[in-house]
Amino acid sequence: MEVETIQQMLAIVTLLLGALLIGIIFNAYRIVRQPTLLLFIYGLFTLVVGITFADLVSIFTPDAFIVAWSAIFSRIVVILGLCVMAYGILRG
């Protein structure tokens, strides 16, 4: 129970730090107007949501079935976020 609470608190901290990082990169995007940077921001957003999704679902829902499927969905979103970030970087 204590480990799960720590994971949930760290998920919230990760979400807040991810939002801060996205805000900083978006300010850089407004200056340079580079489409690659915008794709990188989209990928970073999906990555942060994917990383924290399973822990945030466990905060609101105690059902084990939903928590298990949210972990699977979380991994899929992380993979999509990494692919979008890689595409943005390779697009140059």
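When a residue number appears, it is its place in the shown sequence, counting from 1. Side chains included, hydrogens not; waters and symmetry mates left out as well; all remaining heavy atoms used. Quick caveat, the model's predicted, so the values are computed rather than measured.
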For residues 43-54, which residue pairs qualify under side chain to side chain donor-acceptor pair (under 3.5 Å), counting only residues two or more places apart or in two chains? none
Holding to ring pair (Phe, Tyr, Trp, His ring centres under 6.0 Å), I want the full list of residues that pass it with F45, two or more places apart in sequence or in another chain. none
Group every Ile, Leu, Val, Met, Phe, Trp and Tyr by side-chain heavy-atom contacts under 4.5 Å, then state whether I22 and F53 land in the same group. no
Residues 55-67 side chain polar contacts: donor-acceptor under 3.5 Å, at least two apart:
residue: S58; atom: OG; partner: Q8; partner atom: NE2; Å: 3.2
residue: S58; atom: OG; partner: D55; partner atom: O; Å: 2.7

Hey, can you pull the donor-acceptor pairs under 3.5 Å for the side chains in residues 75-92, sequence neighbours left out?
none

Rounded distance [0.5 Å steps], CD1 in I41 versus CG in L47: 13.5 Å
Could you work out, with side chain to side chain donor-acceptor pair (under 3.5 Å) as the rule, every residue matching S70, not counting sequence neighbours? none
Which residues satisfy the ring pair (Phe, Tyr, Trp, His ring centres under 6.0 Å) test with Y42, sequence neighbours excluded? none
From T36, L38, I24, residue fulfilling side-chain contact (heavy atoms from CB on, under 4.5 Å) relative to Y29: L38
Counterpart residues, side chain to side chain donor-acceptor pair (under 3.5 Å), relative to R30 (two or more places apart): N27
For the student: nearest non-hydrogen atoms of A71 and A54, plus distance: CA-CB, 3.8 Å
Quick check: is I51 connected to V3 through a chain of hydrophobic side chains (ILVMFWY, heavy atoms under 4.5 Å apart)? no
Please say yes or no: joined through hydrophobic side-chain contacts below 4.5 Å, possibly via intermediate residues, are V48 and F73 part of one cluster? no
Tabulate below the donor-acceptor pairs under 3.5 Å that side-chain atoms of residues 9-21 make, not counting sequence neighbours, or state none.
residue: T14; atom: OG1; partner: L10; partner atom: O; Å: 2.7

Taken to the nearest 0.5 Å, the spacing of I31 CD1 from F26 CZ works out to 11.0 Å
